[in-house]
Amino acid sequence: MSTSLLRSTPSPLTNSGRMNLIGSNTHLGILSVSFYHRPSQSCNFKLCFPTSELCSRLGTRCCVVSATSSKLYKNKGVNSSIESQSRYTDLKDNMPSSVNILEEQLRDLFNEVHAMIRIGKENEARDLLLANFEAVKEQIDAGRKGIEEAAILDVTALGYMSLGDIRTVKPLLNVLSEVVDVLKDEEPLLDSILTHMGNMYEKLENFEMSICVYGRAVKVVERLYGNTSSFIVTPLLGMAKVLGSTGKTKKAIETYHRVVKILESSRGEECEELVVPLFGMGNLLLKERRVTDAENAFNRILTMYMKLYGENDGRVGLSMSYLARVKCAKGDVNEAIDLYKEALRRLKVSDYIAIDDHIMEKMRVDLAELLHAVGRGEEGRMLLEECLLITEKFKGEGHPSSVSHLVNLATSYSQSKLFAEAERLLRMSLQIMFKNVSPDDQSITFPMLHLAVTLYNLNRNEEAEKHALEVLRIRERAFGENSLPVGEALDCLVSIQTQLGKDDGELLELLKRVLKIQEKAFGTDSEEVMETLKKVVYYLERMGRKHEGLPLERRLSKLRTKYKQMVQY
């Protein structure tokens, strides 16, 4: 049974609110609405806007404002000739295009919703979005399915996404999809709408639809501006991200590479916009074990930021942390440690990221794990204690966020054979969990399983078995009997019950369950499967059933040869 430090999921290179690499409508998140401009014939659309007092009741709003109204444009720097006309249904050539007017109103609506959310008036934001949806739905039910309806639905859906109202976004996207499906590719704003849809489908984890609409957005831009236009960058980035998330790594890398080439040719080889595709590509290359290529990508980011912002900038520190991951993958652990240390130093000096930010926390944990791996456990433990102290300072003692740090510290003490201190920390973490979640919540099982392992190491096997069985019960209910978390609990239970002298036949059946789970999760040729096969073969021989183990021994021999060759390589 092995334990490792808790690792948070990889974070984007940017920190929202501090940095904007390629534009606020990138695949990193829906931050604002941006549309490309293309000429169009006159349109007749309606949007709902709140009164200047942001009244809470829909009935007190200027419910529907048409494109012919001049009220929207006061003090907005728009050509004064707009206010001198009474009607603009038929726009003249020397007037702002109808697309520009539509875009202006859409942006005003989106910004208004965001302003309401920022000051805590979420109900008012919902009222405003609902009013616009109902207005445009009336037009759609009356048979109108044009670009204006699509654009209003798009911004309304983006507004609900900002509110975190996923339940409302799903049916809204269904209506929007019906409208978009009948629109011709030449329609103005369509490429931007499709890009927003791709982003929203990705957030809803409807990856197939996300790739589909991103693909159409790419085709639209290619037809209008050519396949090397910088307008194509945003939908390509969105598509690459989804492709990478769905395991289509090779295609994702190719897409990121295409974005890099487009930006290099249009904006130069040192433009800051290159950071996003280089970062995405570098992570995927690392995943594919193309370490040298990944190192080149992250080195470009580091060099670029040093030139643009100086050596002590926080962005340089972030870049160093990602380069440290590459060094670690190459086996250059000491170089990786030095890079992580320097990265943390520069981030602290620059104050680019808050000390309690999850990115800083992940870097400390990653560095601590490396230090433990090279036998510098005390240094690593100091970093883990720092993580705990920071969490307690900013979130208070006993906060659920401190549980992962307590477990990490316990793991550190266990590696140093200080099991009594590890037990104390794990019991503290369980007390916090029991105060914040129900006794059957699956999140409790993580520190509980660690406690079972610690008690096993303290030779308190009866108590360890009790906790392991409880973990197994909760996980079977939460994840299913053949789930990977259940396999982990079973593996732990086998080790404990072996010490307790339980029946070999019962232990063998548990190991067969573990093997089946691992084969499904990791593949029949995985290293995890190889380790469990060793145990199965051992028990078969011990029970005098060697003939049953012969096929497994041959399979085990092949796996040993495979992994021996990989280590030599």
Tell me if a side-chain donor or acceptor on Ser412 pairs with a main-chain N or O of Asn408 at a distance below 3.5 Å. no

Look up atom CG in Leu426 and atom OH in Tyr413, then write down how far apart they are to the nearest 0.5 Å. 12.0 Å

Got Met116 and Leu128 here, is their nearest side-chain heavy-atom distance under 4.5 Å? yes

Kindly indicate whether the side chain of Leu484, heavy atoms from C-beta on, has any atom under 4.5 Å from the side chain of Lys520. no

Point-to-point distance, once rounded to the nearest 0.5 Å, from OH of Tyr538 to CG of Leu508: 12.0 Å

ring-ring contact (aromatic ring centres under 6.0 Å, His included) with Tyr322: which of Tyr305, Tyr340, Phe279? Phe279

Is Lys466 salt-bridged to Glu470, going by a charged N under 4.0 Å from an acidic O? no

Donor-acceptor check, side chain of Ser210 to backbone of Asn206, threshold 3.5 angstrom: yes or no? no

Can you confirm whether the side chains of Glu423 and Thr454 place a donor and an acceptor under 3.5 Å from each other? no

For the pair Glu509 and Lys502, find out whether any cationic side-chain nitrogen is under 4.0 Å from an anionic carboxylate oxygen. no

Is the shortest distance from a Lys or Arg side-chain nitrogen in Glu476 or Arg513 to a carboxylate oxygen in the other one below 4.0 Å? yes

Is Lys348 salt-bridged to Glu386, going by a charged N under 4.0 Å from an acidic O? yes

Under 3.5 Å, is there a donor-acceptor pair linking the side chains of Glu392 and His405? no

Lys/Arg N to Asp/Glu carboxylate O, Glu385 vs Arg381, below 4.0 Å: no

Any side-chain heavy atom of Met433 within less than 4.5 Å of one from Pro447? yes

Reported CG-to-OG distance for the pair Leu388 and Ser404, which is rounded to 0.5 angstrom: 9.0 Å

Please list, chain by chain and in numerical order, all residues satisfying side chain to side chain contact (heavy atoms under 4.5 Å, CB included) with Lys395, sequence neighbours excluded. Thr391, His399, Ser401

Between atom CZ of Arg427 and atom CG of Leu406, what is the distance when rounded to the nearest 0.5 Å? 14.0 Å

Determine, step by step, whether Ser438 and Asp440 satisfy the side-chain hydrogen bond (donor to acceptor under 3.5 Å, both in side chains) criterion, reporting the C-alpha distance in whole Å, the side-chain angles of both residues, the deciding distance to 0.1 Å, and the verdict. CA-CA 5 Å; Ser438 70; Asp440 286 338; over 6 Å; no

Under 3.5 Å side-chain donor-acceptor pair for Tyr539 and Thr498: yes

Do Glu531 and Lys534 meet the salt-bridge criterion of a basic N to acidic O distance under 4.0 Å? yes

With Arg167 via side chain to side chain contact (heavy atoms under 4.5 Å, CB included) - residues at least two apart: Asp165

A side-chain contact here means heavy atoms from C-beta on lying under 4.5 Å apart; do Leu204 and Ile166 qualify? yes

Any Lys535 side-chain heavy atom under 4.5 Å of Val494 side chain: no

To the closest 0.5 Å, what do you measure between CE (Met320) and NZ (Lys327)? 11.0 Å

Is any side-chain N of the basic residue among Glu288 and Lys250 closer than 4.0 Å to the acidic one's carboxylate O? no

Taking the side chain from Asn457 and the backbone from Val453, do they hold a donor-acceptor pair closer than 3.5 Å? yes

Taking side chain as C-beta onward, heavy atoms only, is Arg126 less than 4.5 Å from Leu130? no

Would you check if the side chain of Asp332 reaches a backbone N or O of Glu335 as a donor-acceptor pair within less than 3.5 Å? no

One pair to check against side-chain hydrogen bond (donor to acceptor under 3.5 Å, both in side chains): Lys170 and Asn174. What are the steps and the verdict? CA-CA 6 Å; Lys170 288 182 179 180; Asn174 290 337; over 6 Å; no

Okay, side chain of Ser177, backbone of Leu173: is any donor-acceptor separation there less than 3.5 Å? no

Not counting sequence neighbours, which residues clear side chain to side chain contact (heavy atoms under 4.5 Å, CB included) with Asn334? List them please. Ile337, Arg376

Do the non-hydrogen side-chain atoms of Leu302 and Phe298 ever get within less than 4.5 Å of each other? no

Should Arg460 and Glu463 count as an ion pair when the cut-off is N to O under 4.0 Å? yes

Glu378, CD atom: more than 12 neighbouring heavy atoms under 6.0 Å: no

Could you tell me whether the side chain of Asp357 and the main chain of Ile353 form a donor-acceptor pair under 3.5 Å? no

Return the CG to CG distance between Asn461 and Leu500, rounded to the nearest 0.5 Å. 5.0 Å

